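All remarks here apply to the structure that follows.
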Number of protein chains: 2
Amino acid sequence: MVTLAEVAQHAGVSASTVSYVLSGKRSISATTRERVEQSIRQLGYHPNAGARALASSRSNIIALMIPLRTDMYVPVMMEIAIAVATTARTHGYDVLLLTGEEGPDAVRRVSGSGLADAMILMDVQLDDERLPLLRGAGQPSVLIGLPADTTGLTCVDLDWSATGALCVEHLATFGHRDIAVIGEAPAVYERHTGFAERTLEGLRSRAKELGLRVLHRPCENGYDAMAVTLARILDERPGTTGFVVQNESAVEPLLALLRQQGRAVPEDVSVVAICPDQVAVQASVRLTSVAIPAQEMGRRAVEYLVAKLDGRGDDDIVLLAPELTVRASSGPAPAAS
Amino acid sequence: MVTLAEVAQHAGVSASTVSYVLSGKRSISATTRERVEQSIRQLGYHPNAGARALASSRSNIIALMIPLRTDMYVPVMMEIAIAVATTARTHGYDVLLLTGEEGPDAVRRVSGSGLADAMILMDVQLDDERLPLLRGAGQPSVLIGLPADTTGLTCVDLDWSATGALCVEHLATFGHRDIAVIGEAPAVYERHTGFAERTLEGLRSRAKELGLRVLHRPCENGYDAMAVTLARILDERPGTTGFVVQNESAVEPLLALLRQQGRAVPEDVSVVAICPDQVAVQASVRLTSVAIPAQEMGRRAVEYLVAKLDGRGDDDIVLLAPELTVRASSGPAPAAS
DNA sequence: AAACCGTGTCGAAGCGCTTCGACAACCTAT
DNA sequence: ATAGGTTGTCGAAGCGCTTCGACACGGTTT
């Protein structure tokens with residue numbers, strides 16, 4: 001393993017000079033810099049991460065805590081994770097992957113050991129037990145998600161409440177009066193995941209203003225669960241003509257079932273999905289949808305974190321405005337029969 | 001930040017004693033150990049990762065390189081990543097997330113800087129450019145996937161060749177003679193991803209032995225691409241009654257299209273999927289499938305790596321035997337018309 | 001009673017880097 | 001010519017830990 005000292009010797013300068021060439025924290029003459037850089041290349045030198053972390057108390061690592069559960073939005077989580085990793089690299093950081101499993105202990109462990117300089121938390125619950133550890137001056141952190149109390153926190157999230165409202169507005173514009181919301185699995189609501197509850201709340205309050213009726217049903221993944229859920233909905237509200245789907249893996253089953261029952265999309269019923277664009281365009285009917293900007297969220301989270309670590313940037317709540325794209329799954333409500 | 005020295009002082013022992021309590025590398029009397037452990041708890045001590053890495057030249061970090069592309073098997077990748085992270089923790093390791101983007105440079109960087117003690121590589125191509133760096137005594141590593149030349153490497157993978165063979169055998173048993181294989185996106189084949197090519201090769205050679213005809217078509221994700229692909233297949237081989245699908249996101253579109261064309265599954269055509277069990281049971285027809293044991297692969301990879309790091313364990317190729325589960329999507333071929 | 005051994009503890013060195021203060025060399029302003 | 005300021009480089013301290021050799025102590029063995 002090549003060390004700083006060896007590079008210094010090879011270049012005929014002192015170790016500190018090499019260090020300054022690397023960090024740029026003091027001015028170095030062009031000729032010296034040149035010489036040092038050449039030695040670095042020739043010897044294939046890579047600074048030792050541990051030594052660097054010890055001396056500078058900076059690990060250049062960002063911890064990313066992803067949910068262990070895979071009962072929702074797997075591709076979204078994946079996309080966020082990849083965006084985080086990619087963006088972090090452009091700022092000179094690496095990413096440590098933590099699962100939600102360890103919970104608050106992971107936060108303690110990582111911040112206590114200086115393993116990471118900062119953390120990004122996903123799958124934040126409204127009243128998340130990890131939050132007290134992050135508030136105030138502890139570990140610099142950014143949440144992807146929005147807890148109930150955001151004091152002292154930085155959050156990046158889609159504006160789910162506005163997303164819900166947007167979906168229902170779109171359906172209202174087309175004259176739909178009876179709306180069914182097909183949600184995530186019950187477990188997602190039970191653990192008070194912010195995005196699910198907020199979407200519903202935004203949707204309901206806008207629906208009320210617009211005088212629409214809303215029926216919400218959580219739905220497990222899979223075709224069979226969707227079949228049962230749909231049957232119940234149509235039983236309870238036979239006049240339902242608008243569907244809002246917030247559950248990626250329910251989309252295709254829903255479309256198949258509607259087709260099977262002779263309900264044409266979008267002639268008889270309209271469907272608005274809340275999902276990544278990729279899913280919307282690959283479905284059997286190109287879906288009118290509100291996009292989940294996973295990459296954007298991951299990227300922003302890292303950028304806020306890097307700003308904090310550089311001493312710029314403040315606590316802040318960033319809610320991305322939802323965008324609805326009209327595709328082939330929504331249209332005017334059929335004339336009342 | 002609490003340091004070792006502070007713990008030592010608090011417990012009235014020397015720093016080295018505390019270190020030995022922590023590592024268990026020398027015997028410590030029960031009373032001393034007790035006292036030290038209590039001080040650790042009281043002070044909330046966490047060893048500093050950088051210092052530890054520097055002194056011991058061990059970071060206790062495993063790097064996991066995941067593909068940047070998301071054109072295939074996203075849930076599988078995710079599941080593997082989570083299994084790796086979880087298993088690593090049970091052995092006292094953390095996981096560093098690298099994207100394939102940096103390619104061989106990432107390998108050099110990580111091993112050169114001592115950031116990680118070992119690496120796990122996913123999405124290995126048959127002739128992967130990262131391999132030369134891993135061969136021999138360099139960085140301890142495990143591949144999830146099987147390159148063309150495995151000398152000096154440790155690999156964990158599903159036996160894809162046997163998987164292909166198994167699919168075709170199952171269809172043969174039911175009397176199907178004309179088999180269509182719906183594969184991953186063309187890009188996956190173009191970059192010579194081992195699993196795709198091996199599956200095909202295993203399937204073809206077994207088909208030949210059994211006297212079956214095979215038509216293979218790569219397929220982009222999404223409904224429209226599947227529609228085009230299916231039309232071409234049925235045009236070229238109208239007598240096709242057996243389908244093998246190795247592309248998660250093509251499964252549901254295929255079923256929908258078959259239904260739409262009045263071809264009943266499994267009465268008229270049989271479908272065998274290669275996908276995680278979860279996908280198979282959630283599809284609109286419960287799918288006969290060969291499972292992709294994602295968790296198992298992630299877990300095994302970590303365990304092999306840990307064994308290597310502990311000085312146990314050798315280079316080895318582990319091919320997991322495929323298991324086919326018969327569900328509702330396959331049955332006897334219809335009598336020839 | 002001497003020589004010996006195992007057990008438990010300590011002190012000190014050192015891992016490879018960053019960073020601070022010192023200072024030589026040169027340049028500009030007096 | 002001299003004081004004052006820059007600029008570029010160096011030496012040394014120290015980050016918090018691991019680990020090696022040393023050694024004190026009590027228990028065996030001769």
Side-chain angles (χ1 to χ4, degrees), chain A residues 1-37 39-40 43-61 92 94 109-117 309, chain B residues 1-37 39-40 43-61 92 94 109-117 309:
Chain A
M1 211 79 310
V2 189
T3 69
L4 227 209
E6 288 168 344
V7 173
Q9 190 174 8
H10 185 270
V13 298
S14 75
S16 45
T17 300
V18 177
S19 178
Y20 287 124
V21 167
L22 251 30
S23 68
K25 291 194 178 171
R26 286 200 181 173
S27 55
I28 297 286
S29 70
T31 61
T32 308
R33 186 202 322 292
E34 202 86 335
R35 206 141 35 87
V36 170
E37 282 170 350
S39 297
I40 288 177
L43 302 179
Y45 169 69
H46 285 272
N48 181 87
R52 195 165 242 196
L54 178 56
S56 65
S57 4
R58 287 290 222 106
S59 63
N60 287 302
I61 289 181
D94 272 295
R109 188 170 61 84
V110 167
S111 82
S113 67
L115 229 188
D117 297 331
L309 289 171
Chain B
M1 214 78 307
V2 189
T3 70
L4 226 211
E6 289 169 343
V7 173
Q9 192 174 6
H10 184 269
V13 298
S14 76
S16 46
T17 300
V18 177
S19 178
Y20 286 125
V21 167
L22 252 30
S23 68
K25 293 194 178 171
R26 284 202 183 172
S27 55
I28 297 287
S29 70
T31 62
T32 308
R33 187 203 320 292
E34 200 89 332
R35 205 141 36 86
V36 169
E37 281 171 352
S39 297
I40 288 177
L43 301 178
Y45 169 70
H46 286 271
N48 180 87
R52 196 166 242 197
L54 178 56
S56 66
S57 6
R58 285 293 221 104
S59 63
N60 286 300
I61 289 180
D94 272 294
R109 189 170 61 83
V110 167
S111 82
S113 67
L115 229 188
D117 297 331
L309 290 171

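Keep in mind it's a predicted model, so treat the numbers as computed, not measured. All chains are named by letter (A, B, ...) in the order of the sequence lines, taking the proteins before the strands, and each is independently numbered beginning at 1.
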If you check every side-chain atom of [X], which of [options] has the closest atom?
X: B:Tyr45; options: C:dC17, C:dG11, D:dC17; answer: D:dC17
X: A:Ala55; options: D:dT18, D:dG14, C:dT9; answer: D:dG14
X: B:Ser56; options: C:dT7, D:dC17, D:dT19; answer: D:dT19

Counting any heavy atom closer than 4.0 Å, what does [X] reach on the DNA or RNA strands: base, sugar-phosphate only, or nothing?
X: B:Thr32; result: sugar-phosphate
X: B:Ile28; result: sugar-phosphate
X: B:Ser19; result: base

* Considering heavy-atom distances to DNA chain C, does B:Ala51 or B:Ser29 have its closest nucleotide positioned more toward the 5' end? ->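 Its nearest nucleotide lies further toward 5', so the answer is B:Ser29.
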
To the nearest angstrom, how far is [X] atom [atom1] from [N] atom [atom2]?
X: A:His46; N: C:dC15; atom1: NE2; atom2: C1'; result: 19 Å
X: B:Arg58; N: D:dG16; atom1: CZ; atom2: C1'; result: 19 Å
X: A:Leu54; N: D:dT18; atom1: CG; atom2: C1'; result: 12 Å
X: A:Met1; N: C:dG16; atom1: CE; atom2: P; result: 10 Å
X: B:Arg33; N: C:dT9; atom1: CZ; atom2: P; result: 9 Å
X: B:Leu115; N: C:dG16; atom1: CG; atom2: P; result: 16 Å
X: A:Asn48; N: D:dC17; atom1: CG; atom2: P; result: 16 Å
X: A:Leu22; N: C:dG16; atom1: CG; atom2: C1'; result: 12 Å

* State, to 0.1 Å, how close B:Pro47 and A:Ser113 come at their nearest heavy-atom pair, and which atoms those are. =>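 Where B:Pro47 meets A:Ser113 most closely, the heavy atoms are O-CB, 3.2 Å.
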
* Minimum heavy-atom distance B:Ser39-B:Ala11, with the two atoms named ->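 Here B:Ser39 and B:Ala11 meet closest at OG-CB, 3.3 Å.
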
* To do: May I ask you to verify if any side-chain N or O of A:Ser27 is less than 4.0 angstrom from the OP1 or OP2 atom of D:dT7?
  =>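 Result: no.
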
* Asked: When you check the phosphate oxygens OP1 and OP2 of C:dT18, does a side-chain N or O of A:Lys25 lie under 4.0 Å from one of them?
  ->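 No, outside the criterion.
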
* **Among B:Leu4, B:Leu22, B:Ile28, side-chain contact (heavy atoms from CB on, under 4.5 Å) partner for B:Thr17** =>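 For B:Thr17, the side-chain contact (heavy atoms from CB on, under 4.5 Å) check succeeds only for B:Ile28.
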
Let's test your reading of the model: under 3.5 Å, does the base of [N] pair with the side chain of [X] as donor and acceptor?
X: B:Arg26; N: D:dT19; value: no
X: A:Tyr20; N: C:dC20; value: yes
X: A:Ser16; N: D:dG11; value: yes

* Asked: About how many Å separate CZ of A:Arg26 and OG of A:Ser19, when rounded to the nearest 0.5 Å?
  ->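 A:Ser19 atom OG to A:Arg26 atom CZ measures 10.0 Å (nearest 0.5 Å).
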
* How about B:Glu6: does its CD atom have over 12 heavy atoms from other parts shown lying under 6.0 Å from it? ->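 Correct, the count exceeds 12.
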
